[in-house]
Amino acid sequence: MAPSAIDPDAPRPAPGQLSTDFDDTIRFYLNGTRVVLDNIDPEITLLEYLRGIGLTGTKLGCGEGGCGACTVVVSHLNPTTQKIYHASVNACLAPLVSVDGKHVITVEGIGNVKRPHPAQERVAKGNGSQCGFCTPGIVMSLYALLRNSEGKDLTEEEVEEAFDGNLCRCTGYKPILDAARTFVGETNKKTLKGCGRAGGCCMEEKMSEPAAGGCCKSDGPKTGGGCCMESKPKTSSGCCMGNGEKPAGGCCMDKLKVDGDRDIKKFTPPGFIEYNPDTELIFPPALKKHEFRPLMFGNKRKKWFRPVTLDQLLEIKAAYPDAKVIGGSTETQIEIKFKALQYPVSVYVGDIAELRQYKFHDSHLEIGANISLTDLEHICLDAVKHYGEAKSQVFKAIYKQLKYFAGRQIRNVGTPAGNLVTASPISDLNPVLMAAEAVLVAKTLDETTEISMANWFKGYRRTALPQNAVLASIRIPVTREKGEFIRSYKQSKRKDDDIAIVTGALRVRIDDDGVIEDVNLVYGGMAPTTVSAKQTNEFLKGKRFAELETLEGAMNSLGREFDLPYGVPGGMATYRKSLALGFFYRFYHEVMQALHPEAADMEAVPEVERQIARGREDREAAVEYMQETLGRSNPHVAALKQTTGEAQYTDDIPPLKNELYGCLVLSTKAHAKLKSVDWSAALEVPGVVDYVDHKDMPSPRANRWAAPHFDEVFLAEDEVYTAGQPIGLILATSPQRAAEGARAVKIEYEELPAVFTIEEAIEAGSFFDFYREIKRGDVEEAFKNCDYVFTGTARMGGQEHFYLETQAAVAIPKPEDGEMEIWSSTQNPSEAQEYAAQVCGVQANKVVVRVKRLGGGFGGKESRSVQLSSILALAAKKTRRPVRCMLTREEDMVTSGQRHPFLGRWKVGVNKDGKIQALDVDIYNNGGWSWDLSSAVCERAMSHVDGCYYIPNVYVRGRICKTNTVSNTAFRGFGGPQGMFIAETYMSEVADRLGMPVEKFREINFYQRGQLTHFNQSIVDWHVPLMWEQVQKEADYAARREAVDKFNATHKWRKRGLALIPTKFGISFTALWFNQAGALVHIYQDGSVLVAHGGTEMGQGLHTKMTMIAAQALGVPMEDVYISETATNTVANTSPTAASASSDLNGYAIYNACAQLNERLAPYRAKLGPNASMKDIAHAAYHDRVNLSAQGFYKTPEIGYDWTKNEGKMFFYFTQGVAAAEVEVDTLTGSSTCLRADIKMDVGRSINPAIDYGQIQGAFVQGMGLFTMEESLWLRQGPMKGNLFTRGPGAYKIPGFRDIPQEWNVSLLKGVEWQELRTIQRSRGVGEPPLFLGSAVFFAIRDALKAARKEFGVEAEVGVDREDGGLLRLVSPATAERIRLACKDPIVERARVVPKEGEEGFFIAI
């Protein structure tokens, strides 16, 4: 039960004195081994401790508990349940003191490559690991789920929810979920009840016949002699047993039973290790008897207390009123790391059992304030059973909020007290507690105080809790059984693991006459605190609930009460106001549904919910061309190393003797002169050794980089052009001291005008000296002869790479000749070598750059990685000591650039038959403050602005805007997606103004084989029309279009949309000289093969494919081929790993080297016979003094485009694809979910279908993020004016596990000839091309929004080209805010906030 009051007459120590005897030793178990620590650094986290002792499998991804890369399992005896609980925990947040008396399990502790845990093996073999940086955390989340299942069957819901605190940028999540589902008991697999069809199995809809054409799974795996659901006659439910007879092969339901009626428990798929819970690491028996002693340890900077009783805690608070009380440390650690707040005295309260109890009372539930949120979830479910449905509404409301509250790792340690005391205005829980009129019990040494929630918040982040008090318990009243209703709501950018934009908890009590007795409408996100709508509450009291005037009056009152200014802190004024109104509208009709269902707007009540994700891949796609090695779905060669934590990344390299740690000193102004930089205070910080700035360069020229313009400086000289520009580097003995030193540097600025957006740059004439055009035909003449001419604008934002491993490098100076060795997480080792040599003043042959692997790249480490490695090389040269730096997530995001935002102003001429005659378009990209790769990005966008459509007359012009944002850079697609987005925007808007279905309009204008693009390249091996037809058939597109139209006709507030999108992506570097590659192949006498090539492995499976090519070419098993690393001293002058061309280039270079070796070995193969092993052949050749090493080379033939003449071959070939997507949108909130996606890609003859499917799925989800979710925002005002706001997972949202399509089917084109394709294996590049297909979700949302607008009388006028013609112009990304604001219903219209003259928004969206 909750703690009772403390006897005020008990003797107390004098202020500042403590009566408790404290221990200073932490005792815990680590991977089954006892650990005793008595010399503890009070400032380090669990993650820093683990990595410091060499357990580097646990990764640092963000430092704020938002990505899950650092997940470990902490097993402990839960004081709430008195059971062993295996908690997944963010090690980056967990204070070391929190593990006393517990068992910490890391990814290394559960298995290794030789003996992997089943979770590790299945994720690896299931292709659930690409770059692998996030993988250990994902494995540990799965491990925690398995351990907590205690041998019981898992459900698919439990599997999907287990990963809500983990992010992955590579895989698209589906292979991870598929691997995890192998642990689901067969009886719990939804695929046995349903098939994954959106809306449920066709056989569950009480149809007399299955879906058109038979069971929708008729093309998939069948039981016995076919799908039993297709056997006739059937019962109304469709069961084959309805007539008492079984089909041939038996009923499929029999497969669920073995040994009579015993259900199969843990199904182990063939080829996998069986999961046996009895073989897991036991919870150490000694910990069951562990004596939790009060702890105190620290140094002169910081002191930790860990009391184990409430009395001890109150005594500490009396002695140290300013002490920071820490439960889960989920907020505090972020304050320390990112806000540089210092807490000299911290008190960890997670082990005080008294604060973690609960008790059901007749009128209320009392919970200890420090109970974990995970336990609170279970308590709420128990409360529903205890109190019954009606009286437990408040607990259902709490549970609903907890379901989407952060991730499981946070809920495992977060507490209600933490939510209340931090007083976040966007808390999920606080509105429910306030609406329910909960009472908070606060305690000091001398008294117990009860504080009502109505009086708790005193201002922004301020509460009524006395400084020397602690929050002990919370009393939550039960809901009255009759006439009282309470509901909770939340809207955020992402459904799972996201902070709220607006939260609400709305409660009303109605008497028997239908009159409102009491009401409390509480909102978060509408004011500096959680706030009750007092004026509206007063208006409603005494009103008859069911009268329309009550609803209308309340909506009007809320509109006045939450009349947010346009520039309100946090932005989104209209959206937030619409949410407040929408929540009430939904609540009102949910109550009406219970009281007067005939008068309720029933469509307003349901929220968009997603089902379990499922789908299929065509695993037979490569059968017709499969060879011994090539064409087979081999797992990633490093997958097991990645799932076991053995794969080494840059920052995993063990510390070197005398190593220093670097921390960048970054500009905080968007554009300013540097008046002074004072390093003296930094040098006074203990542990700081030195600093580096531009004066340490060997010459002014050495400070300049970024060919060919060399307009960037590594370290700022006398002016900064963006917030986040490096000014210098602090060097210290630890990362913490380096960061402290960097903060101590004093910089004086003179601010200058800054430009941020494309529109601002155009108005100011701020451009780089760049202009390109492509012109074919005569657009002006064509426009004169067209039936219609339409104009418009396409606008899309940028995208943060969010690779899980941030930029990292280690520079190691050698004692001779100025040599330098650099380990770097780079896609471009040769450029890293070139610039390191430049800043060190040596020739390139003195510098070796090595790359083992990258934890993701996506283009963000092509050029921008060079900045960090070069600065570190300079520092290593200056100090003659190794220097290491791995950027924090925040540093990475503000320094490394993003995808370019684009603006396209287009004009299209079209005839009544739908044939486009002319396109005129101006394309602008936001290059940021320096050139970087912006010109090439703009050129690719220009070359892709035709999409997949033949347009006889085209005039396209490209410009680069110069702004004061980060220098935007390469990102998967490299301008191609932006160009194609402009194309699909004008296709959609023109189709609307023609009154023609956009699918028909696209099809009418498709390229035909042999036609020329606007840059005069012939279209060959053209399969888009074929795939367009196949996808429509396989996805049952026509029938689903009818179903969508029918759904939209009967649903007012939920709308569905469909879209079918093609892609054509040119493969080749547009910079001709990059289209080359080298390779080095060694055969050793034991028959093993070592391959080196110029590409880097960043998760895309390049090393896997290259290994397969070498194995196939040399006729050896894959396991005999090894690729160690990419290094500039083995293969020189390499091209960056980019442009989706690395398999083509490096694959042919390896093949060329192998061909040379095969020619040399041919006589020995002939002599020794066909069964001779490579060992025998190599041994014989060696003794004949035959060279067993060969250098291969390849350059792409035929290509070379002349921009001045518009002639030549720009791309070697085009990778093509088609995707269909269906979405459902909640128009009251803007939430959306992808119900289904079907993708078909033409990748030629796949080298490895498993790798290619992974690339397709990962690119598609990344594309979904680009077009529907990910939004970069800058601050417009305040002390951080001009700085990036979205600088971590807390503010910048990438898709999570539960954002992927609910049904997701992917296939590769097969059964065709690739007559013109002359690549290795006749395969096509696949890394970038599928990304644009994610826009199918955007255009499906647009389709749904058209239906939503039509509901309220707003449609595009046919044949009219004007701004106010009802046409939907949707900007990318289609965030929940943009979706809601695109609607035209009365609620959003009354919520619209119009800026006053001169008033600007809080954020800048570039």
Side-chain angles (χ1 to χ4, degrees), residues 43 300-302 335-342 344 660-700 702-705 712-754 811 839 867-868 870-881 883-885 887-888 890-892 894-895 929-930 964 966 1275 1278-1284 1287:
E43 297 182 85
K300 61 183 180 181
R301 293 166 56 92
K302 184 177 180 68
E335 292 174 342
I336 292 170
K337 286 184 177 179
F338 301 107
K339 300 178 183 178
L341 298 183
Q342 297 297 317
L660 295 173
Y661 296 83
C663 182
L664 291 172
V665 177
L666 303 174
S667 162
T668 59
K669 303 299 178 185
H671 188 198
K673 289 182 179 179
L674 291 175
K675 296 179 70 175
S676 67
V677 181
D678 184 357
W679 303 90
S680 57
L683 295 173
E684 294 299 317
V685 173
V688 170
V689 172
D690 206 344
Y691 70 91
V692 169
D693 68 4
H694 70 93
K695 296 170 188 173
D696 293 301
M697 290 286 177
S699 68
N703 196 30
R704 301 206 158 267
W705 71 291
E712 283 198 61
V713 289
F714 287 112
L715 299 168
E717 294 170 352
D718 45 24
E719 192 170 337
V720 291
Y721 299 92
T722 188
Q725 184 177 344
I727 296 170
L729 182 79
I730 289 289
L731 298 165
T733 54
S734 74
Q736 295 82 4
R737 296 291 80 80
E740 186 179 349
R743 288 193 295 268
V745 177
K746 294 181 174 62
I747 304 171
E748 189 179 357
Y749 300 94
E750 179 186 322
E751 289 197 62
L752 299 170
V839 301
Q867 178 174 258
L868 180 64
S870 300
I871 295 171
L872 296 189
L874 177 66
K877 177 201 170 192
K878 179 181 180 180
T879 61
R880 299 184 182 180
R881 294 169 67 172
V883 179
R884 174 192 303 256
C885 180
L887 298 184
T888 66
E890 181 177 10
E891 291 166 344
D892 190 283
V894 302
T895 61
W929 77 275
S930 71
N964 297 107
V966 287
L1275 292 165
M1280 295 293 286
K1281 178 178 67 174
N1283 276 258
L1284 180 67
R1287 50 175 62 193

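The chain is numbered in sequence order, starting from 1.
- Evaluation of the ring-ring contact (aromatic ring centres under 6.0 Å, His included) rule for Tyr721 yields His671, Trp929 as partners, not counting sequence neighbours.
- Identified under the ring pair (Phe, Tyr, Trp, His ring centres under 6.0 Å) test for residues 726-750, with sequence neighbours left out: none.
- Scanning for side-chain hydrogen bond (donor to acceptor under 3.5 Å, both in side chains) contacts around Thr895 gives an empty result, with sequence neighbours left out.
- With sequence neighbours left out, the side-chain hydrogen bond (donor to acceptor under 3.5 Å, both in side chains) criterion links Arg743 to no other residue.
- The salt bridge (charged side-chain N to carboxylate O under 4.0 Å, His left out) pairs that include a residue from residues 684-694 are Asp690-Lys878, where partners are two or more places apart or lie in different chains.
- Contact annotation: the side chain of Cys663 never approaches that of Leu729 to less than 4.5 Å [non-hydrogen atoms, C-beta and beyond].
- Judged as a side-chain hydrogen bond (donor to acceptor under 3.5 Å, both in side chains), and not counting sequence neighbours, the contacts of Glu717 are Asn703.
- Rounding to the nearest 0.5 Å gives a distance of 7.5 Å between OG of Ser870 and CE of Met697.
- For Val745, the side chain to side chain contact (heavy atoms under 4.5 Å, CB included) criterion is met by Val665, Val677, Trp679, Ala682, Ile730, Ile747, not counting sequence neighbours.
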**Prompt:** So Ile727 and Leu674, side chain to side chain contact (heavy atoms under 4.5 Å, CB included) or not? Walk me through it.
**Reply:** CA-CA 10 Å; Ile727 296 170; Leu674 291 175; 4.1 Å; yes

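- The nearest pair of heavy atoms linking Gly741 to Val688 is CA-CG2, 4.0 Å.
- Screening residues 719-731 for salt bridge (charged side-chain N to carboxylate O under 4.0 Å, His left out), with sequence neighbours left out, gives no hits.
- With rounding to the nearest 0.5 angstrom, the CD atom of Glu890 is 9.0 Å from the CG atom of Leu1284.
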**Message:** I'd like to know whether Val713 forms a side chain to side chain contact (heavy atoms under 4.5 Å, CB included) with Arg704, so could you lay out the CA-CA distance, the side-chain angles of the two residues, the decisive distance to 0.1 Å, and finally the verdict.
**Reply:** CA-CA 5 Å; Val713 289; Arg704 301 206 158 267; 3.8 Å; yes

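- Of all heavy-atom pairs between His694 and Ala716, the closest is CD2-O, 3.2 Å.
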**Request:** Evaluate the criterion side chain to side chain contact (heavy atoms under 4.5 Å, CB included) for residue pair Leu874 and Phe714; output intermediate values, then yes/no.
**Result:** CA-CA 10 Å; Leu874 177 66; Phe714 287 112; over 6 Å; no

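- Glu748 is linked by a side-chain hydrogen bond (donor to acceptor under 3.5 Å, both in side chains) to Ser676, counting only residues two or more places apart in sequence or in another chain.
- In this structure, Asn964 and Ala670 approach most closely via the heavy-atom pair CB-O, 3.6 Å.
- Distance CD/Glu712 to CD/Gln867: 6.5 Å, rounded to 0.5 Å.
- Taking all atoms of both residues into account, the shortest heavy-atom contact from Val692 to Asp696 is CA-OD2, 3.2 Å.
- Salt-bridge check for Glu750 with Lys675: failed, with every basic side-chain N at 4.0 Å or more from each acidic carboxylate O.
- Contact between Leu731 and Gly662 at its shortest, heavy atoms only, is CD2-CA, 4.1 Å.
- Applying the salt bridge (charged side-chain N to carboxylate O under 4.0 Å, His left out) criterion to Glu891, with sequence neighbours excluded, gives no partner residue.
- Expressed to the nearest 0.5 Å, how far OH of Tyr661 lies from OG1 of Thr733 amounts to 9.0 Å.
- Under the rule for a side chain to side chain contact (heavy atoms under 4.5 Å, CB included), the partners of Asn1283 that lie at least two apart in sequence or sit in another chain are Ala723, Met1280, Arg1287.
- Residues that satisfy the side chain to side chain contact (heavy atoms under 4.5 Å, CB included) test with Cys885, not counting sequence neighbours, are Leu868, Leu872, Leu887.
- For Lys1281, the NZ atom sits in a loose shell: 12 or fewer heavy atoms of surrounding residues, nucleotides or ligands are nearer than 6.0 Å.
- Side-chain contact between Gln736 and Glu43 is absent, with no heavy-atom pair separated by less than 4.5 Å.
- When all heavy atoms of Pro1279 and Lys669 are compared, the closest pair comes out as O-NZ, 4.1 Å.
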